[in-house]
Amino acid sequence: MGNAGSPEVHTPNLDRLAAGGTRFSAAYTPCPICVPARASLATGRYVHQLRTWDNSMPYTGSVPSWHHRLREAGHRVDSIGKLHFRGAQDDNGFGREIEPLHIVDGQGDILASVRRDPPRRQAWRGVREAGPGNSTYLEYDRRNTANAKAWLQARAEADEPPWALFLSYVCPHPPYIAPPEYFELYDPDSLTLPPEPAGSAHPALAWMRQFFSLEDVTEAEMRHMMAAYYGVCTFLDDQIGQILNALTDLGLAANTRVLYSSDHGESHGARGLFGKFSPHDETCAVPLIMAGPEIPADRTCEVPVSLVDCFQTVLEATGVAEQPEDRDLPGQSLFGTLADEAGDRTVFSEYHTVGTEDAWYLLRNRRYKYVHFTGRSPLLYDMLEDPLELTNLADLPEHAARMRGFADELRALLDPDSVNAEAHSDQVARVAAAGGRAAVLARGAFTNSPVPGEQPAFRSFAQ
């Protein structure tokens with residue numbers, strides 16, 4: 001985003017939103033892949049607490065969400081767009097789900113649960129197919145915008161209790177197809193290459209690059225894909241601008257708070273990777289902007305925050321009381337963070353699925369990021385001096401005490417080896433319940449979750 005310091009990406013509407021509110025510059029996802037992240041966003045709980053390890057283990061409505069809490073308090077709370085839960089047959093806490101995108105067949109990507117000797121995936125296809133054009137994702141997000149504008153129009157005309165709308169776009173997301181007018185905004189040859197485009201030397205990330213078959217992607221292909229990705233970012237920005245304009249035109253802006261974020265990021269070539277999955281900021285850091293009544297304008301908050309904070313934030317923003325069973329949630333309201341912007345805090349992320357042999361865990365405080373890889377060497381970055389994460393400090397003697405402190409902090413939160421083993425055990429059981437390894441390989445994987453009404457395109461890995 002321009003408001004986050006990008007000199008290249010055009011995001012005038014998100015820049016407008018940030019100018020009218022507060023941008024959190026160190027916001028993190030609990031897990032950089034869709035389904036687990038969205039379960040955490042809904043419930044305010046970490047992935048290992050929910051055991052939603054991968055894209056075949058979705059939120060099912062059984063754990064209270066902030067949607068449930070608002071509805072119980074008498075608010076209208078509806079969703080439009082991507083949810084990536086199990087399905088509309090569950091009580092996910094919304095009064096209505098308008099054209100929801102849920103996981104495929106209530107099953108999702110079962111192949112993601114095959115962690116030992118998995119078949120390699122062909123992520124290079126998405127990179128080489130990037131460019132200008134149209135896609136079902138672009139069409140779906142245009143419908144999400146139209147549905148949201150109609151929904152807001154109905155709220156402006158109705159005399160009813162306070163409302164909350166969860167509007168969730170699928171873009172920017174593979175396929176990397178941008179409307180031509182947005183793609184043409186970006187000259188591939190003039191774009192700044194991401195950090196370590198030739199690939200990270202860390203064994204876990206080198207393994208990930210091989211798993212996704214990304215060894216032969218050229219710089220020209222990378223630049224072309226980046227132009228397409230940035231074009232989709234600008235397309236999304238235009239959709240958000242239409243929603244912000246509708247709030248103003250309908251007289252709703254003065255008493256509406258807006259919270260904008262994403263479930264994960266995108267490597268777009270950094271560390272030689274494409275997609276999400278990695279512990280670097282390209283994929284683990286997310287945009288987070290909050291604007292509206294009582295929220296400071298044109299402010300940047302550097303205290304680390306997490307998507308798990310959204311649960312308490314939404315409750316406080318809507319005046320809904322916390323329930324006793326919510327008091328052990330790991331997050332905290334962003335309103336409290338804004339009241340103590342000089343403070344510090346450690347936030348957490350984890351990953352247990354496709355592209356990894358074993359789990360990694362991330363801790364980030366105001367200055368440092370620590371990454372624990374199960375069975376491999378750790379990472380430590382000074383995020384103030386080295387925001388591109390190019391110099392690993394983990395083995396330097398002067399950081400030994402800091403490394404021990406982070407390791408102790410991680411073990412106070414969970415036992416990393418036990419949680420890794422639990423994830424593997426659940427995933428083995430998931431594969432067995434789907435008919436076993438051979439059946440799961442034969443079913444294969446789909447490139448991207450289809451939009452409502454679209455059929456998934458499976459690629460079999462039958463042996």
Side-chain angles (χ1 to χ4, degrees), residues 31-39 47 52-59 82-87 101-130 135-137 140 170-177 205 207-217 225 263-264 266-268 273-278 283 351-359 423-424 426-463:
C31 181
I33 193 167
C34 306
V35 171
R38 286 168 175 271
V47 167
T52 52
W53 309 111
D54 60 41
N55 274 1
S56 72
M57 300 182 183
Y59 178 63
K82 181 177 178 179
L83 288 174
H84 244 191
F85 300 161
R86 182 168 62 182
L101 190 162
H102 287 298
I103 67 169
V104 172
D105 300 328
Q107 301 292 312
D109 181 16
I110 307 173
L111 189 64
S113 283
V114 177
R115 302 283 300 287
R116 296 293 183 235
D117 190 27
R120 285 176 46 154
R121 302 211 186 183
Q122 309 297 319
W124 57 266
R125 295 175 185 272
V127 178
R128 291 174 180 163
E129 293 166 0
S135 71
T136 56
Y137 275 13
Y140 179 56
V170 71
C171 293
H173 190 285
Y176 307 110
I177 304 297
L205 298 180
W207 192 93
M208 184 179 291
R209 188 166 186 248
Q210 293 173 0
F211 172 84
F212 286 112
S213 308
L214 292 168
E215 303 98 318
D216 299 325
V217 174
M225 176 264 156
D263 51 2
H264 55 74
E266 161 63 51
S267 290
H268 61 81
L273 299 170
F274 295 86
K276 41 252 185 181
F277 324 117
S278 97
T283 68
Y351 189 76
H352 305 270
T353 181
V354 61
T356 60
E357 295 175 290
D358 290 291
H424 276 288
D426 286 353
Q427 288 166 325
V428 167
R430 180 77 182 90
V431 171
R437 177 185 174 92
V440 170
L441 292 178
R443 179 179 186 259
F446 42 89
T447 303
N448 304 296
S449 294
V451 303
E454 182 184 16
Q455 294 300 309
F458 281 92
R459 179 173 180 265
S460 176
F461 292 90
Q463 296 178 335

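This one's a predicted model, so the numbers in the text were calculated from it and none came from an experiment.
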Contacts of type ring-ring contact (aromatic ring centres under 6.0 Å, His included), residue [X], not counting sequence neighbours:
{"X": "Tyr176", "value": "none"}
{"X": "Phe211", "value": "Trp207"}
{"X": "His173", "value": "Tyr137"}

Tell me, please, which residues at least two apart from [X] pass side-chain hydrogen bond (donor to acceptor under 3.5 Å, both in side chains).
{"X": "His84", "result": "Ser449"}
{"X": "Arg128", "result": "Glu221"}
{"X": "Ser135", "result": "none"}

* Do you know which two heavy atoms are closest between His352 and Ala423, and how far apart they sit? ->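 Scanning both residues completely, I find the closest heavy atoms to be ND1-CB, 3.9 Å.
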Can you list everything that forms a salt bridge (Lys or Arg N to Asp or Glu O under 4.0 Å) with [X]? Sequence neighbours excluded, please.
{"X": "Asp263", "answer": "Arg38"}
{"X": "Glu454", "answer": "none"}
{"X": "Arg430", "answer": "none"}
{"X": "Arg86", "answer": "Asp90"}

Residue pair [X] / [Y], side-chain heavy-atom distance below 4.5 Å:
{"X": "Arg459", "Y": "Arg125", "answer": "yes"}
{"X": "Ile33", "Y": "Asn55", "answer": "yes"}
{"X": "Phe277", "Y": "Val354", "answer": "yes"}
{"X": "Thr52", "Y": "Tyr59", "answer": "no"}
{"X": "Val431", "Y": "Val114", "answer": "yes"}
{"X": "Trp53", "Y": "Cys31", "answer": "no"}

* Asked: Within the side chain of Asp54, is there an N or O that forms a donor-acceptor pair under 3.5 Å with the backbone of Ser56?
  -> yes
Hey, could you give me the [atom1]/[atom2] distance between [X] and [Y], rounded to the nearest 0.5 Å?
{"X": "Thr283", "Y": "Leu273", "atom1": "OG1", "atom2": "CG", "value": "8.5 Å"}
{"X": "Arg437", "Y": "Leu111", "atom1": "CZ", "atom2": "CG", "value": "8.5 Å"}
{"X": "Arg120", "Y": "Phe212", "atom1": "CZ", "atom2": "CZ", "value": "11.0 Å"}
{"X": "His264", "Y": "Tyr351", "atom1": "NE2", "atom2": "OH", "value": "9.5 Å"}
{"X": "Gln427", "Y": "Ile110", "atom1": "CD", "atom2": "CD1", "value": "12.0 Å"}
{"X": "Met225", "Y": "Ser267", "atom1": "CE", "atom2": "OG", "value": "9.0 Å"}

* Going by atom types alone, do Thr356 and Arg115 pair a side-chain donor with an acceptor below 3.5 Å? ->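 A donor-acceptor contact under 3.5 Å links the two side chains.
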All N/O donor-acceptor pairs, side-chain side in residues 438-448, below 3.5 Å, sequence neighbours left out:
residue : atom : partner : partner atom : Å
Arg443  : NH1  : Gly108  : O            : 2.9
Arg443  : NH2  : Gly108  : O            : 3.3

* To do: Just grab all the ring-ring contact (aromatic ring centres under 6.0 Å, His included) pairs involving residues 101-130, residues at least two apart or on different chains.
  => none
